[in-house]
Structure formats: structure tokens, C-alpha cells
Amino acid sequence: MATEEFDGLDANGSLARKRLYGRIFVGVCFLSTLVGVVALALLLADVIYESWGWLSWEFLTYPPSRFAENYLPGGRGAGIYPALVGSIFLIVLTAVFTVFLGVGAAIYLEEYAADNRLTRFIEANIANLAGVPSIVYGLLGLAIFVRAAGLGSSLLAGSLTLTLLILPIVIVAAQEAIRAVPDSQRRAAYGVGATKWEVTRDVVLPSALPGIMTGTILSLSRAIGETAPILMVGAATSMFRPPYSLTGPFSAMPMQIFDWARLPQAEFQHVAAAGSVVLLTVLLLMNATAIAIRNRYDTR
Amino acid sequence: MSYEDTTDDSLVDQRPTAGLETATTNSGTGRTIIEAEDVNVWYGETQALHDISMEIPEQQVTALIGPSGCGKSTFLRCINRMNDLIDTARVEGAVRLRGKNVYDDDVDPVALRRKVGMVFQKPNPFPKSVYDNVAYGLNIQGYDGDIDARVEEALRSAALWDEVKDQLDESGLELSGGQQQRLCIARAIAPDPEVVLMDEPASALDPVATSKIEDLIDDLARDYTVVIVTHNMQQAARISDKTAVFLTGGELVEFGDTATVFANPESDRVEDYITGKFG
Ligand SMILES: Nc1ncnc2c1ncn2[C@@H]1O[C@H](COP(=O)(O)OP(=O)(O)O)[C@@H](O)[C@H]1O
Ligand SMILES: [Mg+2]
């Protein structure tokens, strides 16, 4: 073999070209990431910029007004208060309903239901339901809760509709959390004479709880921003006080923001932006809670 | 099925109120406590055990040995009906505990498992405190005596008390592997079962932890009947009074006093297995 022909170790030629392709690929991937992050940052910056000067303590504690100047500092005071409280009530009620129904369904499907075609059919459909557009749930809520059950455009009807919307996601998240509980844990409890119910209560649920909570909170933070379903159910826009009964009218932040945004006066675009900042803040707080729970229990 | 549902069953009546029986020696009482008769087990279409019959003596250590996959764990799970938890498993034949067939219709497996405790291959403490791990069985069985005392007694019997008495409130998962396994033994014996089943309890442990468990098993046999699966023949020879040799295909080929089985087995296949020609 002639040594002068041995030239495979220098950095020229095809290898260098391959490296270049590699770098280009990484660059493209990085840009893709950047597009998402930059778009989100721009959006946030724009909303905050638009709301600048319109966001005040009064905005959180006063009901809305027809006059834009009332929202400004030094005005008579106007804001998002009834819708903020309405959204919180809505989310708390929805949380209660979804936790009971979602965890119940997940426990049944994972721990009790026989592994047969019917169960698989139900599971596949729950997964499908998670993809149904929210306006469809709104129509369903209108037909079932508002009309058929005679609840009217009430807080209860609104939260039940949101429950339908996120229930499939909560069920799937809870199922995953329950499935992640090792069988060795179940066997340990059976081994000392636990009944199925005791195994579920003492071993499965405590271990699955952080996962269930994380999934539930993330779904709730989706629900709190949903406009279409509560629009269909008939959330009020000009509520001047928070909801006062389960069967009474209610307002919610997305609905209120939507209402401001469609007013003709340009000033109300700033008010809508201020409302969006409040909504986003609540949403981010909820997501942060979910992440905190997940981190706290993951690192055990 | 709730606890209340099970209370009128003959195997549940006795709550664990009686203290630990203080037995005489490791030589046992000479009585048979578990009698398996023509036990056959299938997983789906595959038969895992063929016509197993044996009599397990009270307050002695009975070792089940044999190559991997020969059905030792399957047989062990027949005794406390843990096979019920496997959908595909089907058991035929009789396993009598003090004369009562545990597969009779009127036997509640939950009640049975309160009499027949189990320790698993991999230590599986609950993510609860050391104390709560040991007290778990007592709590669900509605024990109304002094739980603190029982927890201490169980931890002492499991040779763990001195090591954990200052960290009863710490998580059981903080313990070392060997300690975790002794915690699981304490958890199994706290409700004072009659039989303790152990499925390769030391196979995931280092030699020091293993020898601790072996010493412990010897002590346990003073109060309990111990049935232990092991794939380690020296271990079986060291700790057991009786040895059952299973061979591939799920047959029991030899059962008798450990000394006899190891010194001059009847079956050539067992001799080959014991002398290391296969398995
Ligand atoms: N849950 C199960 N489902 C199906 N087959 C099983 C199951 N458990 C064990 N088996 C089969 O039964 C036979 C005996 O297994 P096992 O009792 O675990 O043997 P050993 O404990 O002696 O290693 C093996 O062939 C194994 O594959
Ligand atoms: Mg095994």
C-alpha cells in the first residue's frame, strides 16, 4: 500500500461538507425553536404594551363600565372584577367535578374494568373526545344543561360544560398516572391482606396523586381561557357583581375580554389588553403550580 | 370487596389479637400445616405446574428449589392465592391450610392472605414511613391492640429494630436494600400470620445482607412456618429443614428432608441438578 495515497485523515473533502450539513441542520432546528419563543415573547410584549397605563389595582376590584375613561387611573374605577371572580368560581367548580368524575373513571378503567373489547372501545373514544372542538361542547352544554336540565345560563351550567370539555384529558392523564404505579406496590398491599379497595385507596391513589393533580391543573388552565363553550352557554358580559349563586348568571374573563374587544371605541382595545394580562397571569400561575407539583414529586 | 364483607368467613374470624406464638424449637411441631394435592396451574393454554402434591410441616423452613422457570413462584402464589390476581392463571387441585382447602368457594383470598404473609423478590416497601409500613397490615386488618408494641415486636423479629428505632418516621425508601427487605419481612409478620412465603427474598441483595436474611429466616421458623423459594442451592441447604426440587416443565421431582435430598437424592435428574450438571 502506498502511503502517499493515504489522505483520509485531513479535514478537507466530503467529511467537511458533511459537517457543514450538520451545522446547517442544527441551525434550522434552532431557528424553529426561536420562531416559537419569539412569537410568544412578541405576543406577550404587545399585550403588556397595549395594556400599559390601563392596568391598576382598581382594574382588579371594579366592575366593567361603558365609559373607557373610567378605566384610567384617576377615573371613577372600572375593571374586570366580576369576570375574574366568575372565572375563579367556574374553575373551582369545574375542578371539583372533573377530579371526582375523572379520577373515578380512570380508577375504574385501570383497576377494575376487564381488559376486553368494550373497555378498549371506551378508552379509544375517550381519547377521541379529547380532540373534539370546544364549540361542540358549548352546543352540547347549551342543549343539555341550559335547556334540557333547565339550569339556564348559570354558573353551574357553565362549569358543567367546561367539565365535559376537559374530562377526557383529565381521565387520560389520571389513567397514565395510575398505570405508572408499579405492580410490586399493589402486590405488597395484597400480600398483607388488603382488599382491592384498600389497595386502590392506600397504594394506588397516593402514588398517582401528583400526576393526577398535574394533569388536572393543566387541563383547568386550558378551560379557564376557553371562550366558545361559555359563549354558547350564555355567560353574561355586563355583570356588575360576582356570581352569587350556582344557578345565577355569571361572567368570565375570556367572555369579558371578547366583549371589550368588539366595542368600537379604540380605547377599549387597551382595556381588552389589560384583561388579557390578568387572564394570562392567572393561567401562568396555574401552570407554574402544576410544574411545581411535578418537580417536587419527580425528584424523590 | 370490603373488610366488612369478609368478617363472617371462617378464615377471617380470628383477628390478629393473639400474641406471637412462642414455639419450642426449629424442629417444628411435627404437624402438617399446608397440604397441596394434585395442584395444576395453567397460564392461558400453557401448563406451568403438573400434579404437585406435598405436605409442608408447621414451624419449619421448607425450601423450593429448581432452575428458573420451573414454577417455584407459581407454586408459592398458589398457597396465598396471589395467582388470583393474574388474569390468565387457572389453578386446579387442592391446597389445604390446616385442613381447609383455600380454593373452596367460601374462602375469601383476602382473609387467607392475612394468615399467609408474603415477602417478594425485590424489596417493595410503601413510600410511607418505616412505622407505617409495618403498621399497614395491622391497620387494614382492624387490629385494636397496642400497635406501637406490635410494630416494635415485628421489627425486632425482623432483626431491624436496632437499626431503625430512631428513624421510624422516615421513609422506608431511605433504607438500604437489605434493610428494605427486612422491613418487608417485618411488614409481613406484624399481623402475626401463620405462614410466611418468601420468593427469593435475598436474590437482589449483597452477600452481607443475604446472610442477615438467612439468619433471620432461621429465627422466624421458631414462630412461623416459612416457605422460601431460592435458586441458590447452598442457601437452601443452609437454611431449610425440608427441600422440594422442581424441575423444568413444572414437576415436583423430589421432596424430603433437606439433608437427605442433598446427600442422596432419589432421582438422577435431581442429583444432576444438585451437582451442577444442569440448571
Ligand atoms: N404471569 C404469568 N403469565 C404467564 N406465564 C407465566 C406467568 N408467570 C409465570 N409464567 C410462566 O410459568 C412458568 C413458571 O414460572 P415461575 O413460577 O415464575 O417460575 P420460577 O419462579 O421457578 O422461575 C414459566 O414458564 C413462566 O414463563
Ligand atoms: Mg420465580
Side-chain angles (χ1 to χ4, degrees), chain A residues 103-104 106-123 174-214 292-300, chain B residues 1-6 11-12 15-16 77 80-82 84-88 108-128 132-143 171-174 180 183-184 186-191 193 196-199:
Chain A
V103 174
I107 288 177
Y108 177 75
L109 288 171
E110 285 302 313
E111 301 287 316
Y112 289 90
D115 184 21
N116 55 24
R117 302 239 303 272
L118 179 65
T119 310
R120 279 195 291 275
F121 177 77
I122 292 175
E123 284 183 341
Q175 275 184 285
E176 270 160 22
I178 289 171
R179 221 173 292 150
V181 178
D183 259 346
S184 64
Q185 289 285 311
R186 293 182 180 83
R187 281 197 294 267
Y190 280 121
V192 284
T195 61
K196 183 148 202 162
W197 155 239
E198 285 162 341
V199 173
T200 307
R201 182 195 63 193
D202 301 335
V203 174
V204 177
L205 276 184
S207 292
L209 204 59
I212 293 174
M213 296 261 287
T214 308
I293 292 175
R294 181 159 56 201
N295 289 347
R296 171 142 159 52
Y297 289 93
D298 261 8
T299 53
R300 249 189 334 179
Chain B
M1 196 172 306
S2 76
Y3 175 73
E4 287 75 21
D5 292 340
T6 66
L11 272 165
V12 221
R15 303 274 181 88
R77 289 196 297 263
N80 67 345
R81 287 184 60 174
M82 286 294 268
D84 289 19
L85 303 177
I86 300 170
D87 283 340
T88 55
D108 184 337
V110 171
L112 171 67
R113 292 180 202 128
R114 294 174 175 193
K115 299 249 178 249
V116 184
M118 192 164 201
V119 177
F120 301 84
Q121 189 162 356
K122 238 180 100 234
N124 56 358
F126 299 125
K128 301 173 190 275
D132 287 343
N133 263 284
V134 182
Y136 184 70
L138 297 167
N139 286 332
I140 56 170
Q141 298 185 22
Y143 179 69
S171 168
L173 300 175
E174 305 284 310
Q180 288 192 8
L183 179 63
C184 293
R187 180 177 63 192
I189 61 180
V196 180
L197 309 177
M198 299 187 171
D199 194 349

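Sequence lines set the chain letters: A, B, ... in the order given, protein chains first and strands last, and positions in each chain run from 1. Just so it is clear, the values below take in all heavy atoms, side chains as well, and ignore hydrogens, waters and symmetry mates. In this text the structure is predicted, and so the values were computed from the model without any measurement.
By the neighbour-count criterion of 12 heavy atoms within 6.0 Å, atom CG of B:D87 is sparsely surrounded, having that number or fewer from other residues, nucleotides or ligands. Surrounding OH of A:Y108 are at most 12 heavy atoms belonging to other residues, nucleotides or ligands under 6.0 Å away.
Neither the backbone nor the side chain of A:D115 comes within contact range of chain B; no heavy atom of the residue lies under 4.5 Å from a heavy atom of that chain. Of the atoms belonging to B:K128, it is side-chain heavy atoms, and not backbone ones, that fall under 4.5 Å from chain A. If you measure heavy-atom distances from B:P109 to chain A, you find no contacts under 4.5 Å at all. Residue B:F120 touches chain A through its side chain alone, counting heavy-atom pairs closer than 4.5 Å. There is no contact between A:A114 and chain B, counting heavy-atom distances below 4.5 Å. Looking at B:V116, only its backbone comes within 4.5 Å of chain A, counting heavy atoms on both sides.
Of the candidates A:K196, A:R179, A:R186, A:R186 is the only one forming a salt bridge (charged side-chain N to carboxylate O under 4.0 Å, His left out) with A:E111.
Applying the salt bridge (charged side-chain N to carboxylate O under 4.0 Å, His left out) rule to A:R201 yields no partners; only residues at least two apart in sequence or on another chain are considered.
B:D84 and B:R77 are not joined by a salt bridge, as no carboxylate oxygen comes within less than 4.0 angstrom of a charged side-chain nitrogen.
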